[in-house]
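A short worksheet on the structure shown next.
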Amino acid sequence: MTTTLYGIPNCDTVKKARTWLQDHGIDFTFHDFKKQGLTPELVKAWLQDLDWTTLVNRKGTTWRNLPDERKAAIVDADSAMALMLENPSVIKRPVVQGAGLVTVGFSPAAFEEKFGAAP
């Protein structure tokens, strides 16, 4: 399975993850979900492996700028999926799909565990 890194190019965490993958010789495809979009099928697939509370970044600027009523309406996977499709910037980044797993965020230790790569 091909590894795909989903995110936005100017996100510092996405930049770190891309650099790590490149430095460790791991082939991947970058998908800019702001420019290339997301499909309901893709987000639904992520939600099979991850809880919606993991995918929705409730600490980010995008979430904080939502009206309180909109935040209060995000109560389950379906409402979270609608929000993520409407506003991909609310997704915690990066989402990495490949090697049989879907993960969110970046840390060198987690990537070493996921990809089994050493520097």
Side-chain angles (χ1 to χ4, degrees):
M1 176 180 219
T2 302
T3 297
T4 304
L5 187 142
Y6 296 87
I8 56 177
N10 63 342
C11 171
D12 288 341
T13 308
V14 169
K15 288 178 188 176
K16 289 175 189 174
R18 290 175 77 175
T19 299
W20 191 96
L21 291 170
Q22 290 165 346
D23 289 351
H24 289 78
I26 296 169
D27 290 329
F28 69 98
T29 302
F30 176 69
H31 181 100
D32 181 342
F33 55 52
K34 283 183 95 173
K35 289 185 180 174
Q36 295 172 271
L38 295 171
T39 63
E41 294 78 20
L42 178 62
V43 176
K44 203 175 281 188
W46 293 346
L47 289 167
Q48 289 176 356
D49 290 328
L50 300 167
D51 190 80
W52 69 269
T53 59
T54 301
L55 278 169
V56 175
N57 182 4
R58 291 181 282 178
K59 294 180 181 176
T61 304
T62 302
W63 176 265
R64 289 192 310 261
N65 288 336
L66 290 173
D68 288 340
E69 305 80 41
R70 184 70 171 114
K71 291 181 208 174
I74 309 305
V75 295
D76 58 17
D78 290 337
S79 58
M81 185 170 98
L83 176 65
M84 289 184 273
L85 291 170
E86 172 188 316
N87 197 340
S89 295
V90 79
I91 299 170
K92 185 173 180 181
R93 301 177 293 265
V95 175
V96 180
Q97 188 169 19
L101 297 171
V102 177
T103 60
V104 176
F106 169 75
S107 78
F111 270 41
E112 285 174 23
E113 184 178 322
K114 177 180 176 65
F115 294 102

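Residues W52 and V95 are members of one and the same hydrophobic cluster, defined by side-chain heavy-atom contacts under 4.5 angstrom among Ile, Leu, Val, Met, Phe, Trp and Tyr. If you chain together hydrophobic residues whose side chains sit under 4.5 Å apart, I8 and F28 never meet in one group.
Counting heavy atoms from C-beta on, the side chains of D68 and K71 come closer than 4.5 Å. Looking at heavy atoms from C-beta onward, W63 lies out of side-chain contact with N57 at the 4.5 angstrom threshold. Contact check for V104 versus L55: side-chain heavy atoms found under the 4.5 Å cut-off. Looking at R93 and V14, their side chains come closer than 4.5 Å, going by heavy atoms from C-beta outward. Contact check for L83 versus R70: side-chain heavy atoms found under the 4.5 Å cut-off.
With a 6.0 Å radius and a threshold of 12 heavy atoms from other residues, nucleotides or ligands, N10 has its CG atom above the threshold.
Of the residues listed (K15, K34, K35, R18), the one engaging P9 in a side-chain contact (heavy atoms from CB on, under 4.5 Å) is R18, and it is the only one. Each of L38, T62, V43 was checked for a side-chain contact (heavy atoms from CB on, under 4.5 Å) with P88, and the lone residue meeting it is L38. Under the side-chain contact (heavy atoms from CB on, under 4.5 Å) test applied with Y6, the options L42, D32, T29 reduce to a single match, L42.
Using bins of under 30°, 30° to 60° and over 60° for the plane-to-plane angle, the ring pair F111/W20 lands in the perpendicular bin.
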